[in-house]
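This one's a predicted model, so the numbers in the text were calculated from it and none came from an experiment.
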Amino acid sequence: MIISWNTTNACNLYCAHCYRDAGAKAAGELSTAEGKKLITEIAAAGFKIMIFSGGEPLMRPDIYELVRHAAQCGLRPVLGSNGTLLTAESAARLKEAGAIRVGVSLDSLDQAKHDQLRGQAGSHAAAVRGMRLCRAAGLGFQVHTTVMDWNSHEIEYLTDFSIEEKAAAHHIFFLVPTGRATDIEQESLRAEQYESLLTRILRKQQQVEIELKPTCAPQFTRIAAQLNIKTRFTRGCLAGTAYCIIGPGGDVQPCAYLELKLGNVREQSFTDIWRRNPVLAELRTQAFEGGCGACAYRKTCGGCRARAWYYHGSYMAEEPWCLYHGRRGY
């Protein structure tokens, strides 16, 4: 099981697609002591991978202490970062604290396009430099790409770049309209584009040893099965079943893009929220509506619950950008 903690809302960039609308530090962010208590509860609840994200997690001075505590609790600590603040010292400190990997965002091989999306000139060069500093420190890293209509043709090239830089994986995030991303919703892929790109990614996976992981595109499990392509990922959407996220102030959501407050860890133990919340209980029934409910791949794909919420107003509704849903007997 995987969990994310948005450790801070503070960020040195202003990305057009940020689901948190990050920038300034939020009032009432969890303290170091509260963060450690939360991490202890997360480990006790059975989670295995702990993602420290933001905002930009490197803007928390105590991030090394928090990573160390997660490692001591038996979790596998990883960071989701824009990469621009990585230095030789910070990479070495993260490695020493027990971090096993850093996910660094890179959205285009065209520096100007990446910098425009990220809102800061030079962010592309800084991100690539951050990857290389991780490699020099012996700290694993992977490349994170958010795919939209204007960069979808670059995905295989970004995979090749990831291989050249000796990244451990290339994870491809499909845009979900949440936070600032609602302003660029028109740039998200539609059903035919999803199907085509996911097929390309799975074909590319057959050609390379690096791990390719489509994220927020759960149909990839169905396409892999149809193409008889083996993948270690057996479930598409994990929201509320094997994944959730905690905001800077302690609010728990089923996923980063599904803006439903389930509770706050200052008011209720995380374990209690995870095990007893009625929204999570409903998600775990997989009793989806419409095409997702009728689909033969309901239990492995699950459809994107956040898109269902955004487009239909129900987290149990059918995934809107799927060519397959509603077909029976396949």
Side-chain angles (χ1 to χ4, degrees), residues 1-4 42-43 45-53 70-71 74-80 98-106 131 134-135 139-147 155-156 158-174 176 194-245 254-257 283-284 286 292 295-306 319 322 324:
M1 297 201 302
I2 306 171
I3 193 164
S4 296
I42 286 169
F47 286 83
K48 303 300 181 186
I49 299 175
M50 176 85 196
I51 304 171
F52 293 90
S53 63
L75 294 163
R76 292 167 58 83
V78 300
L79 266 73
I100 61 168
R101 193 175 293 180
V102 178
V104 179
S105 298
L106 194 74
M131 296 177 197
C134 286
R135 188 175 69 206
L139 175 60
F141 73 93
Q142 62 190 46
V143 176
H144 289 172
T145 300
T146 298
V147 63
I155 298 305
E156 291 94 335
L158 282 157
T159 293
D160 292 337
F161 174 85
S162 303
I163 293 169
E164 291 169 7
E165 293 295 330
K166 296 181 171 52
H170 182 202
H171 285 199
I172 301 120
F173 293 74
F174 286 64
V176 179
Y194 268 96
E195 193 86 4
S196 174
L197 180 54
L198 287 170
T199 301
R200 283 166 42 202
I201 292 169
L202 287 164
R203 295 293 191 198
K204 184 71 171 180
Q205 181 67 91
Q206 292 181 303
Q207 303 167 15
V208 300
E209 293 185 5
I210 190 174
E211 175 187 278
L212 305 183
K213 171 63 167 65
T215 300
C216 298
Q219 302 94 335
F220 85 92
T221 57
R222 182 257 304 167
I223 296 172
Q226 291 173 322
L227 296 176
N228 198 27
I229 295 175
K230 291 184 178 180
T231 171
R232 74 176 182 88
F233 303 104
T234 58
R235 172 79 179 155
C237 182
L238 304 178
T241 59
Y243 173 80
C244 72
I245 191 166
C255 88
Y257 310 103
L283 284 168
R284 291 163 189 167
Q286 299 182 301
C292 285
C295 183
Y297 294 93
R298 172 174 58 89
K299 291 186 179 295
T300 53
C301 169
C304 177
R305 298 300 97 214
E319 153 78 60
C322 180
Y324 188 83

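- Expressed to the nearest 0.5 Å, how far CZ of Arg101 lies from CD1 of Ile49 amounts to 8.5 Å.
- Rounding to the nearest 0.5 angstrom, the gap separating the CD atom in Glu156 from the CD1 atom in Ile172 is 8.5 Å.
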Please step through side-chain hydrogen bond (donor to acceptor under 3.5 Å, both in side chains) for the pair Arg203 and Gln207, ending with a clear verdict.
CA-CA 7 Å; Arg203 295 293 191 198; Gln207 303 167 15; over 6 Å; no

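- In this structure, Leu283 and Pro254 have side chains that are in contact, with non-hydrogen atoms separated by less than 4.5 Å.
- The backbone N or O of Leu106 lies less than 3.5 Å from a partner atom in the side chain of Thr145, making a donor-acceptor pair.
- Using a 4.0 Å cut-off between a side-chain N of Lys or Arg and a carboxylate O of Asp or Glu, Glu195 and Arg200 do not qualify as a salt bridge.
- Under the 4.5 Å side-chain criterion, counting only non-hydrogen atoms from C-beta, Arg305 is not in contact with Tyr257.
- In this structure, Lys48 and Leu75 have side chains that are not in contact, with every pair of non-hydrogen atoms separated by 4.5 Å or more.
- Put simply, CE on Met1 and CD1 on Ile42 are 10.5 Å apart, with the number rounded to the nearest 0.5 Å.
- Minimum interatomic distance between Cys322 and Arg222 (heavy atoms only, all atoms of both residues): SG-NH2, 3.7 Å.
- Classification of the Phe220-Phe233 ring pair by plane angle, with boundaries at 30° and 60°, yields perpendicular.
- One distance of note links CD1 of Ile100 with CE of Met50; it measures 12.5 Å at 0.5 Å rounding.
- Residue Leu202 holds its CG atom at 9.5 Å from CG of Leu197, rounded to the nearest 0.5 Å.
- Closest approach of Gly236 to Thr221, counting heavy atoms only: N-CG2, 3.7 Å.
- Closest approach of Ile210 to Ala168, counting heavy atoms only: CG1-O, 3.7 Å.
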Carefully, step by step, assess Ile3 and Ile51 under the rule side chain to side chain contact (heavy atoms under 4.5 Å, CB included).
CA-CA 6 Å; Ile3 193 164; Ile51 304 171; over 6 Å; no

Intermediate values then yes/no, side-chain hydrogen bond (donor to acceptor under 3.5 Å, both in side chains), Glu211 and His170
CA-CA 6 Å; Glu211 175 187 278; His170 182 202; over 6 Å; no

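- A pairwise comparison of heavy atoms in Arg284 and Gly240 identifies NE-O, 2.6 Å as the closest pair.
- A 4.5 Å side-chain heavy-atom check between Ile201 and Ile155 finds at least one atom pair inside the cut-off.
- Looking at residues two or more places apart in sequence or on another chain, you find a side-chain hydrogen bond (donor to acceptor under 3.5 Å, both in side chains) between Arg135 and Glu165.
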Which atom pairs, donor and acceptor, lie under 3.5 Å between side-chain atoms of residues 212-219 and protein residues at least two apart or in another chain?
from, atom 1, to, atom 2, distance (Å)
Gln219, NE2, Trp321, O, 3.0

Start with the C-alpha distance between Cys255 and Leu238, add both sets of side-chain angles, then the distance that settles side chain to side chain contact (heavy atoms under 4.5 Å, CB included), and finish with yes or no.
CA-CA 8 Å; Cys255 88; Leu238 304 178; over 6 Å; no

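- Put simply, the side chain of Met131 reaches to within 4.5 Å of the side chain of Phe161, judged on heavy atoms.
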Apply side chain to side chain contact (heavy atoms under 4.5 Å, CB included) to the pair Tyr243 and Ser4, showing each step before the final yes or no.
CA-CA 8 Å; Tyr243 173 80; Ser4 296; 3.0 Å; yes

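- In this structure, Lys230 NZ and Gln206 CD are separated by 11.5 Å, a value rounded to the nearest 0.5 Å.
- Between Gly98 and Pro77, the shortest heavy-atom contact is O-CD, 3.5 Å.
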For Leu198 and Phe174, run side chain to side chain contact (heavy atoms under 4.5 Å, CB included): C-alpha distance rounded to whole Å, both residues' side-chain angles, the deciding distance at 0.1 Å, then the answer.
CA-CA 10 Å; Leu198 287 170; Phe174 286 64; 3.7 Å; yes

